[in-house]
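Inspection log for the structure reproduced underneath, given as structure tokens.
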Amino acid sequence: MEVSGALLLELGVILVALTVLGTAARRFALSPIPLYLVAGLALGEGGLAPVPATVEFVNTGASIGVVLLLLTLGLEFSIGEFASSLRRHLPSAWIDLVLNALPGAIAGWLLDLGAVGILALAGVTYISSSGVIARLLGDLRRLGNRETPAVLSILVLEDFAMAAYLPLLAVLAAGGTLLHALLGMAVAIAALVVAFVVSYRWGHHVTRFVSHPDNEQLLLRVLGLTLIVAALAEFIHASAAVGAFLVGLTLTGDSAHRARLVLSPLRDLFAAIFFLAIGLSVHPSDLIPMLPAAFVLAVVTAGTKVLTGQFAARRDGVARAGQLRAGTALIARGEFSLVIIGLVGQTYERLEAIATPYVFILAIAGPVLTRYLGARPVVRT
């Protein structure tokens with residue numbers, strides 16, 4: 001088998017650079033996510049030191065990274081508790097939709113993007129990044145916080161909404177009929193509902209299937225099942241992240257605990273590659289022309305996400321500081337917004353011009369704001 005020396009060299013340099021950046025971030029008790037994003041920007045096409053040999057590997061690794069992030073996040077919770085949280089937060093989902101899609105729609109109207117462009121920009125400002133936020137909650141050790149179930153409920157309900165939204169947008173952007181788009185929406189929503197019911201009612205069978213005393217077998221079974229479910233979710237234009245999250249929720253007991261242990265190193269590696277890939281996907285020159293308008297839109301929708309999180313956390317009886325932590329956790333945009341840009345960006349260049357810097361601003365600012373706003377004070381002895 002022929003080995004690419006360029007691939008190995010570039011990948012080695014990338015991992016060493018991420019190590020240095022991660023160490024620097026940890027030294028100041030920060031999440032390394034913003035630094036990984038900036039590193040991707042520097043290493044992508046048009047950056048300071050492009051790495052063409054690793055682009056394909058990084059893109060593939062990014063898909064695995066977001067799946068592993070959501071899988072391990074689902075392993076922290078039970079399906080019963082989470083189903084109850086979802087029902088409780090349906091009103092929060094409507095608040096989230098109105099507060100965060102409306103600014104994008106207004107901006108699209110002001111830019112005269114047309115009906116499809118307005119719909120696309122509304123989706124970009126609406127959807128938070130499940131991958132970034134999942135890693136962020138772990139980095140800041142907030143998985144056990146009272147506000148975290150509210151944050152996760154919002155994220156999953158957003159991903160459910162994407163299952164309806166993406167087929168609609170894809171068909172309309174390609175010039176298809178509204179009937180065809182509505183049919184795609186119905187299929188995606190039905191498939192997700194069926195998957196959730198199966199996970200809720202018969203999840204113990206899945207746990208029995210993956211259980212094994214050998215860690216290697218456990219890793220292979222859990223990861224194989226998760227990738228299959230994630231692929232099926234993508235096939236119906238739903239979210240691979242939701243599929244992976246449902247698998248994590250399904251596993252319980254000792255199997256879930258051991259799965260977290262064996263998957264953690266793999267998750268950390270591919271999560272770093274995922275954040276790097278977001279930066280690599282952006283050409284630095286694309287960030288400049290509409291940067292002021294993107295910044296204004298980012299400020300507005302960061303504020304509306306904070307209001308969304310505060311409303312959701314208040315429904316769970318969380319105190320004011322926890323409400324602020326929930327709101328800031330939802331600020332980051334990422335992979336879904338980039339998918340939307342990819343669907344319509346070539347046709348609507350002005351949409352791409354404002355949406356790309358908008359996503360990048362909030363992908364970097366979100367983790368920083370989450371770290372400092374609403375954080376518990378540190379008591380030094």
side-chain contact (heavy atoms from CB on, under 4.5 Å) partners for T250, two or more places apart: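 Per chain and number, T250 pairs via side-chain contact (heavy atoms from CB on, under 4.5 Å) with S199, V206.
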If you compare all heavy atoms of [X] against all heavy atoms of [Y], which two are closest, and at what distance to 0.1 Å?
X: A332; Y: I133; answer: O-CD1, 4.3 Å
X: F57; Y: L7; answer: CB-CD1, 4.3 Å
X: A363; Y: L37; answer: O-CD1, 3.2 Å
X: N215; Y: R258; answer: OD1-NH2, 2.9 Å
X: L297; Y: P103; answer: CD1-O, 3.9 Å
X: L263; Y: L71; answer: CD1-CD2, 3.5 Å

I'd like to check [X] versus [Y] (side-chain heavy atoms, cut-off strictly below 4.5 Å). Are they in contact?
X: L166; Y: F336; result: yes
X: D139; Y: R26; result: yes
X: E10; Y: P52; result: yes
X: V132; Y: P367; result: yes
X: V359; Y: S129; result: no
X: V229; Y: L246; result: no
X: V262; Y: V222; result: no
X: I340; Y: Y165; result: yes

Counting N and O atoms only, with roles assigned by atom type, does the side chain of [X] sit under 3.5 Å from a partner on the main chain of [Y], one being a donor and the other an acceptor?
X: S128; Y: L330; result: yes
X: E147; Y: A326; result: no
X: T148; Y: G144; result: no
X: Q217; Y: H212; result: no
X: R260; Y: L75; result: yes

Can you measure from [atom1] ([X]) to [atom2] ([Y]) and round to the nearest 0.5 angstrom?
X: R314; Y: S92; atom1: CZ; atom2: OG; answer: 10.0 Å
X: T356; Y: I341; atom1: OG1; atom2: CD1; answer: 4.0 Å
X: F360; Y: L291; atom1: CZ; atom2: CG; answer: 11.5 Å
X: L369; Y: I364; atom1: CG; atom2: CD1; answer: 11.5 Å
X: T60; Y: I273; atom1: OG1; atom2: CD1; answer: 10.0 Å
X: R135; Y: L68; atom1: CZ; atom2: CG; answer: 12.0 Å

State plainly whether one hydrophobic cluster holds both [X] and [Y], where clusters connect Ile, Leu, Val, Met, Phe, Trp and Tyr through side-chain heavy atoms under 4.5 angstrom apart.
X: L276; Y: V20; answer: no
X: V306; Y: V300; answer: no
X: L307; Y: L97; answer: no
X: L18; Y: V38; answer: yes
X: V58; Y: L21; answer: yes

Side chain to side chain contact (heavy atoms under 4.5 Å, CB included) between E216 and L219, intermediate numbers included: CA-CA 5 Å; E216 179 184 341; L219 172 65; 5.8 Å; no
S337 and Y358: side chain donor to acceptor below 3.5 Å: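 No - no donor-acceptor pair under 3.5 Å links their side chains.
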Atom CZ of R320 with >12 non-hydrogen neighbours under 6.0 angstrom: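 Open: at most 12 neighbouring heavy atoms sit under 6.0 Å from CZ of R320.
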Worked verdict on L140 versus R325 for side chain to side chain contact (heavy atoms under 4.5 Å, CB included): CA-CA 11 Å; L140 300 179; R325 286 194 298 270; over 6 Å; no
NZ/NE/NH1/NH2 to OD/OE distance under 4.0 Å, D316 and R146: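 No, D316 and R146 are not salt-bridged.
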All pairs passing side-chain hydrogen bond (donor to acceptor under 3.5 Å, both in side chains) where residues 93-115 contributes a residue, at least two apart: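 The answer is D96-N100, D96-K305, N100-T304, N100-T308.
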